[in-house]
Amino acid sequence: MKKILVIGATGQIGSELTMKLRSIYGNDAVVCGYIKGAEPKGVLLESGPAAICDVTDAACLDAVVKKYEIDAMFNLAALLSVVAEGKPQLAWKIGVDGLWNVLEVARQNGCSVFTPSSIACFGPETPADNTPQDTIQRPRSIYGVTKVTTELLSDYYFRKYGVDTRSVRFPGLISYVTPPGGGTTDYAVDIYYSAVKGEKFICPIGAGTYMDMMYMPDALNACVQLMEANPDRLIHRNSFNIAAMSFEPNQILAAIQKQVPGFEMEYQVDALKQSIANSWPNSLDDSAARAEWDWKPQFDLDTMTTDMLKNLRAKLG
Ligand code: AKB
């Protein structure tokens, strides 16, 4: 990767991925692609180029790719699971029609493309524990439906046109930098904010609901490592299971209580979030990613908790 466009660069993953890519490839080599209403600010804006880049507008995307001579795109444009349930057609328009535009522009301009999938690409018929890399994918949420389609379309463009498409299935991502917007796994971020603010946490996900989660630094490493991987080693492409930790609400509570004694949580289960969570796996088998591109996470629940609390205390004063 020499010249990179991050689409959705002001979102939860994009804001940190853009800065990480700039630290590796140089500030001028990484374009921060954003949409109106989600303009970049601060260091994201000041440290390198930025351009309006809407995946639903192929001509706009093509112009940005040509202007900056882009050779790799990170396509992070998507509505997360809970928001998508309220706007299914928009979720499809951004996630699938938008990807089609990205892939066509990539084909015409010789770019590689990373488009994340998610644990949401699985459904209730999928084996829930140690979910295999290749298994049944019949998601119930519209977000999951768009993610399976994303995987299939990306593989199609690789096989038919040779476009270098690669992807991982992200678990819930936990970060102290940019909050997530409308996902089922957001509780695992929100709980840290409550702990640092000294507030009781109201948990919308029921006790005993296991989901895979990952600390953002590991997620960012996965993006870079997979895009830099030797293509000759890749048996899979779209999309790799990756995993770092799996827990249920009482376990993240206990991890925080070790460092914030007296921190309290109460359950008030949200029916929509719970039904989505119930349809997702408990934990993924990421052995294909480990074998094909040496994937290995650095953070577990305790080390992530220490880092989250330290950084959130500094951020929130
Ligand atoms: C969500 O909860 O919607 C996302 C995801 C797991 O893809 N964080």
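For ligands, and for the atoms within them, numbers begin at 1 and follow the listed sequence.
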Quiz prompt | Residues Lys258, Asp302; criterion salt bridge (Lys or Arg N to Asp or Glu O under 4.0 Å); working and verdict | solution = CA-CA 9 Å; Lys258 278 192 242 168; Asp302 284 330; 3.1 Å; yes
Exercise. Check step by step if side-chain hydrogen bond (donor to acceptor under 3.5 Å, both in side chains) holds for Asp155 and Asn238.
Key: CA-CA 6 Å; Asp155 270 347; Asn238 302 282; 2.9 Å; yes
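One finds no salt bridge joining Lys296 and Asp294 here, because no Lys/Arg side-chain nitrogen approaches an Asp/Glu carboxylate oxygen to under 4.0 Å.
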Pairs under 3.5 angstrom, nitrogen or oxygen on both sides, ligand 1 versus protein: list them out, please.
residue, atom, partner, partner atom, Å
ligand 1, 2 (O), Thr184, N, 2.7
ligand 1, 2 (O), Thr185, N, 3.1
ligand 1, 2 (O), Thr185, OG1, 3.2
ligand 1, 3 (O), Ser81, N, 3.1
ligand 1, 3 (O), Ser81, OG, 2.6
ligand 1, 7 (O), Ser118, OG, 2.7
ligand 1, 7 (O), Tyr143, OH, 2.8
ligand 1, 8 (N), Thr185, OG1, 2.9

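Around the CD atom of Glu46, the shell of radius 6.0 Å holds more than 12 heavy atoms that belong to other residues, nucleotides or ligands. By the neighbour-count criterion of 12 heavy atoms within 6.0 Å, atom CG of Leu301 is densely surrounded, having more than that number from other residues, nucleotides or ligands.
Screening residues 80-91 for side chain to side chain donor-acceptor pair (under 3.5 Å), with sequence neighbours left out, gives Ser81-Thr184.
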